[in-house]
Amino acid sequence: MRRACGIFDGGRVCALVTLALLSAACETLNSETLVKDALSEELRKETTLDSVLPSGCPTLTMSLPEGKQRVIVSYREPSQDEHGIALTTLAFTTIYLTGPQSKTTAFRIWTNDARGGAQVTVNDIPVSDREVGVCVTATNWGRKESSPGTATPASGAAASR
């Protein structure tokens, strides 16, 4: 498992990327925890292939072990804007994945609470390259997308499966 944390519009974004094959069902546990499956009908409808990568992405880049073709991305939604003001209009976050030989894929994850703060985990994200770049942005109901957070590896949190 590799974990990286960064500051994201005043909130913390943590990207937890696990390199194991998983087949967890898509479910929403409560407003503080969102667990999704990238292969579910819900997220397939919210997936954009050949998306434009926002400026500053990717914020986390890693090499996958040979034969690994799925990742998990986990992060916390922001709860404050860049000025430290509590959010009231968060609509969704977007996970961008890119690789040197593949097009950028964007997964839109709708929030359960416009104030943000939920822990989000998306399981079973297919990747075709061994080098993967990841970043996450937040978008409000006015369709204004934030800049991606700067991810740096968290101390003592790296491991692989």
Side-chain angles (χ1 to χ4, degrees), residues 1-29 31-64 68-79 87 90-114 116-141 143-154 157:
M1 240 180 250
R2 257 195 205 157
R3 185 181 175 116
C5 293
I7 300 300
F8 172 21
D9 267 359
R12 295 203 49 87
V13 171
C14 294
L16 170 67
V17 180
T18 304
L19 311 173
L21 293 171
L22 295 175
S23 59
C26 174
E27 62 182 292
T28 301
L29 301 174
S31 64
E32 295 178 8
T33 304
L34 299 172
V35 179
K36 307 289 182 176
D37 187 321
L39 301 178
S40 70
E41 185 67 23
E42 174 190 11
L43 283 194
R44 286 197 331 228
K45 291 178 182 178
E46 297 294 338
T47 301
T48 304
L49 302 175
D50 202 15
S51 180
V52 175
L53 195 61
S55 177
C57 282
T59 55
L60 175 66
T61 306
M62 68 201 58
S63 296
L64 303 178
K68 299 297 180 185
Q69 298 179 338
R70 304 225 185 271
V71 296
I72 294 171
V73 177
S74 180
Y75 56 93
R76 183 162 303 278
E77 292 173 338
S79 57
L87 293 180
L90 178 65
F92 57 86
T93 54
T94 305
I95 301 169
Y96 293 92
L97 282 107
T98 190
Q101 304 300 318
S102 60
K103 297 179 179 180
T104 299
T105 303
F107 296 89
R108 181 180 295 168
I109 313 298
W110 291 93
T111 189
N112 281 354
D113 188 339
Q119 180 66 38
V120 179
T121 301
V122 180
N123 296 310
D124 216 19
I125 300 174
V127 294
S128 56
D129 289 335
R130 288 192 57 214
E131 297 290 323
V132 178
V134 180
C135 76
V136 178
T137 62
T139 302
N140 67 18
W141 285 108
R143 299 294 187 186
K144 181 180 178 196
E145 186 174 31
S146 71
S147 299
T150 303
T152 55

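- The CD atom of Glu46 sits 9.5 Å away from the NZ atom of Lys36 when rounded to the nearest 0.5 Å.
- Thr121 is linked by a side-chain hydrogen bond (donor to acceptor under 3.5 Å, both in side chains) to Ser74, counting only residues two or more places apart in sequence or in another chain.
- For the pairing with Ile109, the side-chain contact (heavy atoms from CB on, under 4.5 Å) check across Val73, Val120, Thr94, Val136 returns one residue only, Val120.
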Apply the test side-chain contact (heavy atoms from CB on, under 4.5 Å) to residues Val132 and Thr61: give CA-CA distance (whole Å), side-chain angles for both, the deciding distance (0.1 Å), then the verdict. CA-CA 6 Å; Val132 178; Thr61 306; over 6 Å; no
Give the C-alpha distance, both sets of side-chain angles, the deciding distance and a yes or no for side-chain contact (heavy atoms from CB on, under 4.5 Å) between Thr137 and Thr93. CA-CA 6 Å; Thr137 62; Thr93 54; over 6 Å; no
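- With contacts defined as side-chain heavy-atom distances shorter than 4.5 Å, the pair Thr139/Ser146 does not qualify.
- Side-chain contact between Cys135 and Leu60 is absent, with no heavy atoms from C-beta onward closer than 4.5 Å.
- Qualifying side-chain contact (heavy atoms from CB on, under 4.5 Å) partners for Ser51, counting only residues two or more places apart in sequence or in other chains: Thr48, Tyr96, Thr104, Ala106.
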If you apply the rule side-chain contact (heavy atoms from CB on, under 4.5 Å), what do you find for Glu131 with Ser63, and how did you get there? CA-CA 5 Å; Glu131 297 290 323; Ser63 296; 2.4 Å; yes
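- For the residue pair Ala38 and Asp124, the shortest heavy atom distance occurs at CB-O, 3.6 Å.
- The CD1 atom of Ile72 sits 4.5 Å away from the CG atom of Asn123 when rounded to the nearest 0.5 Å.
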Worked check of side-chain contact (heavy atoms from CB on, under 4.5 Å) between Val127 and Leu97: CA-CA 8 Å; Val127 294; Leu97 282 107; 3.9 Å; yes
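- Counting heavy atoms from C-beta outward, Leu39 and Arg70 have side chains that approach closer than 4.5 Å.
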Apply side chain to side chain donor-acceptor pair (under 3.5 Å) to Thr111 and Glu77, showing your working. CA-CA 8 Å; Thr111 189; Glu77 292 173 338; 2.9 Å; yes
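- Residues passing the ring-ring contact (aromatic ring centres under 6.0 Å, His included) test with Trp110, sequence neighbours excluded: Phe92, Trp141.
- For Phe107, the ring-ring contact (aromatic ring centres under 6.0 Å, His included) test picks out no residue, with sequence neighbours left out.
- In terms of heavy atoms, Leu90 sits closest to Ala138 at CD1-CB, 3.8 Å.
- Of all heavy-atom pairs between Gly116 and Ser79, the closest is C-CB, 4.4 Å.
- The SG atom of Cys57 sits 11.5 Å away from atom CD1 of Ile95, with the distance rounded to the nearest 0.5 Å.
- Checked against side-chain hydrogen bond (donor to acceptor under 3.5 Å, both in side chains), Arg44 has the following partners two or more places apart in sequence or in another chain: Glu41.
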Side chain to side chain donor-acceptor pair (under 3.5 Å) between Thr33 and Gln119, worked out: CA-CA 5 Å; Thr33 304; Gln119 180 66 38; over 6 Å; no
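- Considering CG of Asp129 and OG of Ser102, their distance stands at 4.0 Å, rounded to 0.5 Å.
- Remark: Thr47 pairs with no residue by the side-chain hydrogen bond (donor to acceptor under 3.5 Å, both in side chains) rule, at least two apart or across chains.
- Using a 4.5 Å heavy-atom threshold, the side chains of Asp37 and Leu43 count as separate.
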